[in-house]
K.L.:
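Have a look at the structure that comes next, please.
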Amino acid sequence: MDSISATFGKGHHLHLIDGSAFIFRAYHALPPLTRKSDGLPVGAVAGFCNMLWKYVTDERGSDAPTHAAVIFDHSAKTFRNQIYSAYKANRPEPPEDLRPQFPLTRDATRAFNIACIETEGYEADDIIAALSCKARDAGGRVTIVSSDKDLMQLVGDGVQMLDPIKGKPIDRDEVFEKFGVWPDRVVDVQALAGDAVDNVPGAPGIGIKTAAQLITEYGDLETLLARAGEIKQPKRRQTLIDHADQIRISKRLVELDCNTPLDFTLESLEVRAPDAPALLTFLSEMEFRTLTARVAERLGAEAPAVVSAPPRDAPAAPDLPPIDRAAYETVTDRAALDRWVQSIRDTGHVAIDTETTGLDEMQADLAGICLAVAPGVACYIPVGHVAGGDAGGGDDLFGQSALVAGQLPLAQVLAALKPVLEDDAILKIGQNLKYDWKILARHGIRMAPLADTMLMSYALNAGTHNHGMDELAERYLAHKCIPIKDLIGTGKAQINFAQVPIDKAAPYAAEDADVTLRLYRHFAPLLPVERVTTVYETTERPIVPVLAEMEMAGIRIDSDVLRRMSGSFAQSMAGLEDEIFALAGQRFNVGSPKQLGEILFDKMGLAGGKTGKTGAFSTSADVLEDLAAEGHDLPSRILDWRQIAKLKSTYTDALPTFVNPETGRVHTSYSIAGAQTGRLASTDPNLQNIPVRTEEGRRIREAFIAAEGHRLVSLDYSQIELRILAHVADIPALKQAFRDGIDIHAMTASQMFGVPVEGMDPMIRRRAKAINFGVIYGISSFGLSRNLRIPRAEAQDFIDTYFQRFPEIRAYMDRTVADAKSDGSVRTLFGRRINTPGINASGPAAGGARRAAINAPIQGAAADIIRRAMVRMPAAIAGLPARMLLQVHDELVFEVREDAVDDLIAAARTVMEGAAEPAVRLSVPLVVDAGVGANWAEAH
DNA sequence: GACATCACG
DNA sequence: GACGTACGTGATGTCC
C-alpha cells in the first residue's frame with residue numbers, strides 16, 4: 001500500500017460495484033431494523049455492510065481485483081431528464097425509512113476503505129461506463145458487480161459482469177440469452193423495446209423478442225429505421241415509421257456514455273486493506289453486534305495488533321469467558337471422570353455431545369463423549385479412537401484398527417454417566433439431541449430430561465435461518481466452530497471420527513459442548529420474551545424421545561418383493577426404450593431432459609417454448625401431457641418410462657439398501673427443525689413420499705409389512721387443513737358442513753355454482769376441490785388455471801365467485817398478510833411462530849412470500865396438532881402390544897399385535913381427535929379415519 | 001454441485 | 001432493477 005502504484009494497465013483488474021443496487025437489495029431483503037439506542041433505521045445499512053463484508057472476504061485467488069470502487073447514484077435528476085422529462089418519472093419515491101440510510105451507506109463504503117464515487121447530474125451507470133471504457137482502453141480487465149440489465153451493453157472485450165447474489169459471472173453469452181443480440185447491439189434492442197420501470201418509451205407493441213429479431217435482420221437501429229418501409233408486417237412497419245423520433249430518444253436514454261467526466265484517476269482506486277479501527281468504530285456505532293464481532297475476529301486473526309480497542313458492544317456477554325480451545329480437558333483416567341460426574345451433580349445440568357464413526361445413529365459407534373458444565377468448562381472423553389487416519393499405520397493383524405491406548409473403557413464411562421444422564425433432577429442440554437439420545441439408547445441409556453438448542457432456535461427463529469450448530473454459533477455467539485472437514489477431510493480420503501488423533505479431536509469435540517451450553521444460556525431467557533415457551537415445551541422438547549423410539553423401531557419391508565418389482569420394471573423400461581428409439585428415429589439417453597428436449601423440439605419441431613434461466617426446453621410431465629393429448633406418441637411413452645424409472649430408482653432399488661442388517665428393518669430419520677412450518681421431514685430414506693396416487697406405485701406399499709402376528713394400522717386426519725381454515729377464518733358455511741359431515745368439496749361446488757350436492761357432476765366437484773386447496777396455498781388465477789387447464793379469465797371468475805360466497809376467507813388472507821407485514825412473522829393457533837422475511841419486499845418475489853405467509857398458519861397448525869397427538873401417544877398406548885412407527889404429516893402408522901387392533905384404534909383415535917385440546921377448542925370436529933392390513937397398502 | 005424432475009401431504 | 005406464479009418437503013439422475 002505504501003509502494004508507489006504503477007499506472008493502471010495490463011494485469012490490473014478493476015471491480016466496479018453498483019452501490020444503489022446493493023442498497024435496494026439490502027433494504028428489501030431485511031426486516032426494518034432500527035438502532036437500539038436511538039431508533040435510527042439501519043436495516044439497509046446492515047444488509048449493505050454484510051454484502052460488502054461478504055464481497056471483501058470472498059476468496060478470489062488470482063482473479064482478485066487490484067482496483068475497486070463502489071459507485072452510487074447522486075440524485076434523481078440527471079442529464080437524461082433534459083432529453084426526456086418523463087425519464088424514470090414513474091419511479092416511486094424511496095421509502096421513508098430508507099432515505100436517511102443513503103448517506104450512511106457512503107460512510108460504510110469509506111469505512112471499508114473502498115473508493116466511494118458519485119457525481120452530480122449523472123447516474124451510477126454512466127460513471128461505471130466511463131470507468132469501464134477507460135480501464136479497458138488502458139489494457140486492464142473490468143468486473144461490474146451488478147445484475148442490472150442496463151449495464152449489459154458494456155460487456156465484452158475484457159469487461160464482464162458478476163451477479164452479486166448468485167455469484168455468477170455474466171458474459172457475452174448471458175447477454176445474448178437475455179436480449180437475443182450481442183452486447184454491442186443491446187442499446188438498439190432496448191431503444192425499441194423500451195422499459196416500463198425507467199419509463200423509456202421505445203416503440204409501442206414491440207418487446208425484446210421482436211426487437212432482437214428486427215435488429216438481427218437489419219443489422220442495427222439506424223439501418224432498421226431507414227429501411228422501415230420494407231417491413232412486411234403492416235402494423236410493425238407503421239409503428240416504426242410513426243415513432244422513429246421516440247425510438248431515437250429512447251436510444252439516447254439507454255445508451256451509456258464512455259465520456260462521462262471523471263475527476264479522479266484509475267490509480268486512485270487501488271485496493272486498500274481495511275483500516276480495522278475505522279471499520280470497527282463505524283460498525284459498532286451502527287450497533288451491528290454480530291458483524292462487528294465477526295469483523296473483529298477476522299481482522300484480529302490476521303493482524304492481531306490492529307484491534308487495539310475492542311468495540312464497545314462486542315456480542316459476547318461480559319460475564320462469559322471467551323471460547324478457549326486450549327482450556328478444555330481430555331479425560332483419560334477414572335479420577336477425572338468421577339470429578340466431572342460430581343460437577344454435573346453440583347450444577348444440576350450438563351451439555352452433552354457424542355462423537356461417532358458415522359451419521360447413521362442406528363449403526364455408528366461411539367468415538368467419544370463431550371461434556372460442558374459451564375461456559376468454558378468442557379471436556380472430551382475419548383472411548384473409541386483407533387490408530388489410522390493421517391497418523392498412518394496401526395492396523396493389527398486382522399485389518400481392524402486397534403484402540404489407541406490411554407482411553408477409558410467404554411463400559412466404564414457409560415456406567416459412570418448413566419446415573420446422571422437418567423437423573424430426573426439433572427437437565428441434559430444438547431444440539432439435535434435426538435441423535436445423541438439414539439446413540440446412548442443403543443447402549444441402554446435413556447436420557448431425560450432434555451433441552452435442545454436446535455429446537456429452541458426453531459421455536460424462536462423458524463423461517464429466518466437454519467438451526468445447525470455452526471450457524472447458530474456464528475449468529476448468536478459470533479464464534480466460528482472448527483469445521484468437521486478440518487478433521488475428517490472430504491470425499492474419498494474422508495476418515496471417520498474415531499480415526500482422528502485424540503489431541504486433534506478433543507478441542508473440536510469439547511468446543512461443541514461448550515458452544516451448546518452457551519447457546520442454551522442465550523436462548524432460554526428468550527423463549528418467554530418471544531412468547532414461544534408453550535410451543536417449545538409442548539410440541540418440540542417432548543417429541544424428541546418419541547421420534548427417537550419410532551426411528552429405532554423402524555418398519556419391516558419385504559425386500560424380495562421389491563427386487564422382483566425392480567426386475568419387472570427393468571423389463572418394461574427396456575421395452576419402452578425400444579419404442580421410444582423407434583419413434584424418435586435414434587437412440588439417446590431417455591433420462592436426460594436435455595437430450596429429450598432437443599429431440600422433441602429441435603429435431604421433431606413440436607411446439608413448446610424454452611423456459612427457465614438455463615434456456616433449456618422444459619420436458620416436465622405438464623408439458624409432455626399436453627403433447628400427448630395432441631396425439632403425439634413419443635411424449636406419452638416417455639411419461640410411461642419416467643414413471644417406472646422413478647419407482648425403480650427411488651423406491652424398489654433404493655429401499656432394500658436401507659434395511660438395517662441387525663434389525664432387518666428400515667429406520668428413517670425425522671428432521672424436527674427442517675421445515676419452515678412445523679412439519680417434520682423424513683430422510684434416509686424418505687418414508688413420507690412412498691407412492692400411493694397410482695396403481696403401480698401403490699404396489700410398493702405392499703412391501704411395507706407388519707411383523708409376524710401383527711398388523712399395520714394407519715390413522716389419518718380427514719381434511720385437517722380445510723377444517724383448520726374453517727375455524728381460523730371463521731367461515732360459517734364451511735364449519736356447518738364439517739359439523740354435518742357432508743362432502744366438503746361438493747358443498748363448495750354447490751354454493752359456488754348453485755347446483756345440488758346430490759348427483760353432482762364429478763367435474764364440477766373437482767373444480768371446487770382445486771379451489772379449496774388453492775385457497776390454502778394462497779390462490780392465484782394463474783395457478784388455478786394451470787392446475788385445472790382452463791383459461792386464466794375463467795379461473796379468475798371462479799376465484800371471484802368463491803370470495804363472494806365465502807368473504808371471510810378473503811378477510812383471513814388480508815389479515816394474515818397484514819400481520820406478517822407488521823410483525824415479520826405469523827403464528828399458528830397454538831402459538832408457533834413462523835417468520836416471514838421478504839414479506840415487505842416489492843415485486844413478484846413478494847408474491848411468493850405472501851402465499852407462504854397465508855399457508856404457514858394453516859399447514860403449521862395441522863403440524864402442531866399431530867405433534868401434540870404424537871407426544872401424548874406413548875402414554876395412551878403404553879398398555880397395548882403396539883408401537884408407533886411412522887408419521888406422514890396427517891397420518892400415523894402403527895404396528896399392533898393382531899388381537900389388539902381394535903383397542904389400539906380406539907386409543908389412538910381418541911388421542912388424535914382430541915389433540916388440539918385443551919389449548920384450542922376447535923369449532924369444527926377433527927375426524928380420524930382408520931385402516932388395517934398386513935401391509936401398508938391395505939392399511940391406508 | 002446445480003438443475004430438472006417427480007414422489008408425498 | 002429484475003423478478004415468475006399454488007404451499008411444504010427429499011431423492012434421483014444428468015451434466016458441468
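The figures that follow rest on heavy atoms only: side chains count, while hydrogens, waters and symmetry mates do not. Throughout, protein chains are lettered first and strands after them, A, B, ... in sequence-line order, and every chain is numbered starting at 1.
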K.L.:
Could you state the atom-to-atom distance from CZ of A:R786 to P of C:dG4 in whole Å?
P.N.:
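Roughly 14 Å, once rounded to whole Å.
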
K.L.:
Between A:K646 and A:E696 (salt bridge meaning N to carboxylate O under 4.0 Å), is one present in this structure?
P.N.:
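Here A:K646 does not pair with A:E696 in a salt bridge, since their nearest N and O are not under 4.0 Å apart.
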
K.L.:
Does a nitrogen or oxygen in the side chain of A:S618 sit under 4.0 Å from OP1 or OP2 of B:dT5?
P.N.:
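Indeed, a polar side-chain atom of A:S618 lies that close.
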
K.L.:
Roughly, in whole Å, what's the span from NZ in A:K168 to P in B:dA2?
P.N.:
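Computing the A:K168:NZ to B:dA2:P distance gives 10 Å.
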
K.L.:
Round to a whole Å and report the spacing from CG of A:L886 to C1' of B:dG9.
P.N.:
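Nearest whole value for this atom pair: 14 Å.
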
K.L.:
Base contacts versus sugar-phosphate-only contacts with protein, heavy atoms under 4.0 Å: please encode nucleotides 11-16 of chain C as B, S and - from 5' to 3'.
P.N.:
BSSSSS

K.L.:
Any donor-acceptor pair, under 3.5 Å, between the side chain of A:R851 and the base of C:dG8, if you only look at N and O atoms?
P.N.:
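Side chain to base: no pair present.
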
K.L.:
Rounded to whole Å, how long is the line connecting atom CG of A:L624 with atom P of B:dT5?
P.N.:
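Going from CG in A:L624 over to P in B:dT5 covers 8 Å.
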
K.L.:
Look at all strands and tell whether A:T619 reaches a base, only sugar-phosphate, or nothing, counting heavy atoms closer than 4.0 Å.
P.N.:
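A:T619: backbone/sugar contact only, no base atoms under 4.0 Å.
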
K.L.:
Starting at the 5' end of DNA chain C, write a dot or bracket for each base, bracketing those in Watson-Crick or G-U wobble pairs whose two distances are under 3.5 Å and using | for partners on another strand.
P.N.:
......|||||||||.

K.L.:
For A:A621, answer base if it contacts any base atom (sugar-phosphate contacts may also be present), sugar-phosphate if it contacts only those atoms, and nothing otherwise; contact means non-hydrogen atoms under 4.0 Å.
P.N.:
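Touches sugar-phosphate only.
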
K.L.:
Take the protein atom CG of A:L639 and the nucleotide atom C1' of B:dT5, then report the distance between them rounded to whole Å.
P.N.:
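Taking CG of A:L639 and C1' of B:dT5, I get 12 Å after rounding.
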
K.L.:
Using only side-chain N and O atoms of A:R642, determine if any of them is under 4.0 Å from OP1 or OP2 of B:dA4.
P.N.:
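It does not, given that no N or O in the side chain of A:R642 lies less than 4.0 Å from OP1 or OP2 of B:dA4.
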
K.L.:
Closer than 4.0 angstrom, basic N to acidic O: yes or no for A:R767 and A:E794?
P.N.:
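Between A:E794 and A:R767 there is a salt bridge, with a charged N closer than 4.0 Å to a carboxylate O.
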
K.L.:
Identify, with sequence neighbours excluded, every residue that meets ring-ring contact (aromatic ring centres under 6.0 Å, His included) alongside A:F617.
P.N.:
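Counting only residues at least two positions away or on another chain, A:F617 forms a ring-ring contact (aromatic ring centres under 6.0 Å, His included) with A:F601.
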
K.L.:
Can you tell me how far P of B:dG9 sits from CG of A:L725, to the nearest Å?
P.N.:
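Distance, rounded to whole Å: 20 Å.
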
K.L.:
Quick check on A:R699: does its CZ atom have over 12 non-hydrogen neighbours (other residues, nucleotides or ligands) under 6.0 Å away?
P.N.:
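Counting other residues, nucleotides and ligands, CZ of A:R699 stays at 12 neighbours or fewer.
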
K.L.:
Does A:D864 come within less than 4.0 Å of A:R867, counting only side-chain N to carboxylate O?
P.N.:
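No, this pair does not count.
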
K.L.:
Can you pull out every salt bridge (Lys or Arg N to Asp or Glu O under 4.0 Å) where at least one residue sits in residues 842-856 of chain A? Sequence neighbours excluded, please.
P.N.:
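Counting only pairs at least two positions apart or across chains, no salt bridge (Lys or Arg N to Asp or Glu O under 4.0 Å) contact touches residues 842-856 of chain A.
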
K.L.:
For A:I776, which contact category applies under a 4.0 Å heavy-atom criterion: base, sugar-phosphate, or nothing?
P.N.:
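No contact.
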
K.L.:
I want to check something: taking the side chain as every heavy atom from C-beta on, are A:K168 and A:L162 in contact at a cut-off of under 4.5 Å?
P.N.:
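No. Closest side-chain heavy atoms not under 4.5 Å.
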
K.L.:
List for me each residue that meets side chain to side chain contact (heavy atoms under 4.5 Å, CB included) alongside A:Q719, sequence neighbours excluded, and say none if there are none.
P.N.:
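Expected list: A:L722, A:R723, A:F738, A:I744, A:H745.
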
K.L.:
So A:A841, base contact, sugar-phosphate only, or nothing? Heavy-atom distance under 4.0 Å.
P.N.:
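The residue A:A841 makes no contact with any strand.
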
K.L.:
Any side-chain heavy-atom pair from A:F48 and A:I23 closer than 4.5 angstrom?
P.N.:
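Side chain of A:F48 against side chain of A:I23, heavy atoms only: contact under 4.5 Å found.
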
K.L.:
I'd like the P distance from C:dT5 over to B:dT5, given in whole Å.
P.N.:
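Going atom to atom, P in each nucleotide, I get 12 Å.
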
K.L.:
Take the protein atom CG of A:D125 and the nucleotide atom P of C:dG1, then report the distance between them rounded to whole Å.
P.N.:
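So the two atoms are 6 Å apart, to the nearest Å.
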
K.L.:
I need the CZ-C1' distance between A:F179 and C:dG1, as an integer number of Å.
P.N.:
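Whole-Å distance recorded here is 12 Å.
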
K.L.:
Tell me every residue that passes side chain to side chain contact (heavy atoms under 4.5 Å, CB included) with A:D148, counting only those two or more places apart in sequence or in another chain.
P.N.:
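Residues passing side chain to side chain contact (heavy atoms under 4.5 Å, CB included) with A:D148: A:D18, A:D125, A:S146, A:D150, A:L151.
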
K.L.:
Counting any heavy atom closer than 4.0 Å, what does A:V775 reach on the DNA or RNA strands: base, sugar-phosphate only, or nothing?
P.N.:
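No contact.
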
